[in-house]
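Presented below is the structure to which this report refers.
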Amino acid sequence: MELARKLLGCLLIHRTLDGAAGGMIVEAEAYVGAIDKACHAYRNRSGRTEIMYHDGGYAYVYLIYGMHHCFNAVTGPEGEGNAVLIRALEPVIGLDLMQQRRHTKTVQHLCSGPGKVCQALGITKNEYGLDLCAADSPLRLIRYRHIPEALIVATPRINVAYAEEAAAWPWRFYVKDNLYVSK
DNA sequence: GCGGAGATTTCC
DNA sequence: GAAATCTCCGCG
């Protein structure tokens, strides 16, 4: 939660053979393995979720609904199963490349959703477990801009109605009035 | 080896 | 508002 808030304003960059693409994080959701029924790591340590139990700074990527990838930043500490889902970016780098990948020219729609972010940046499960802080990593998180507390809005998370009491927890954070936040 | 679940997107 | 569509996990 604290970390999800801090991630707003950071830059997420993916370098590939086609070039670099990335943007500033404007929307994120926190997931806590220990108590959160919406979290994949909630009483479910195995295969896909293993990386979430590691210390922070790694990428957790998974495929959902057979067609879309979602990107998460593991926040640690080790053994907890915590992660932050990146839901939206404000495009900054590699606009052409992202437009090509997303098959749209509308910059506003390039990264306004978890699946779109991965498609625009070319993130797949091949990027699972990458170190987000290492200087030589193709996928990196970089401090970019500080978002004033007054501009951060907290709401319940999206599409987790099944999580019972956890569904109402205000763990979705986004930048107020930013055009690139998902609806 | 099989069946179901799933943090979405897009188009009618 | 519904359909599209696939991988991983759990169980037999």
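Below, chains carry the letters A, B, ... as their sequence lines are ordered, and counting in each starts from 1.
Residues Tyr65(A) and Lys125(A) both approach DNA chain C. Their nearest nucleotides, taken by heavy-atom distance, put Tyr65(A) toward the 5′ side. In terms of position along DNA chain C, the nucleotide closest to Met67(A) lies nearer the 5' end than the nucleotide closest to the other residue of the pair Met67(A) and Leu63(A).
One finds a side-chain N or O of His40(A) lying less than 4.0 angstrom from the OP1 or OP2 phosphate oxygen of dA7(B). For Arg87(A), a side-chain nitrogen or oxygen approaches OP1 or OP2 of dT8(B) to under 4.0 Å. For Lys116(A) and dT10(B), the shortest distance from a side-chain N or O to OP1 or OP2 is below 4.0 Å. The phosphate of dA7(B) has OP1 or OP2 within less than 4.0 Å of a side-chain N or O from Tyr162(A). The phosphate of dT8(B) has OP1 or OP2 within less than 4.0 Å of a side-chain N or O from Asn159(A).
By the criterion of a centre-to-centre distance under 5.5 Å and near-parallel planes under 30°, the ring of Tyr31(A) forms a stack with the base of dA7(B).
Within the 4.0 angstrom heavy-atom criterion, no nucleotide atom of any strand lies near Arg172(A).
At a non-hydrogen distance threshold of 4.0 Å, nothing from residues 174-183 of chain A comes into contact with DNA chain B.
Nearest to the side chain of Val160(A), among dT10(B), dT8(B), dA7(B), sits dA7(B).
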Discussion item. Working note: Asn72(A) + Ile51(A), criterion side chain to side chain contact (heavy atoms under 4.5 Å, CB included); need CA distance, chi angles, decisive distance, verdict.
Written reply: CA-CA 10 Å; Asn72(A) 302 247; Ile51(A) 193 70; over 6 Å; no
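Counting only Watson-Crick or G-U wobble pairs whose defining distances are both under 3.5 Å, the stems of 3 or more consecutive pairs in DNA chain C are B:1-6 with C:6-11, B:8-11 with C:1-4.
Between the Tyr53(A) side chain and the Ala41(A) main chain, a donor and an acceptor come within less than 3.5 Å of each other. With hydrogens and angles disregarded, a donor-acceptor distance shorter than 3.5 Å links the side chain of Arg101(A) to the backbone of Ala120(A).
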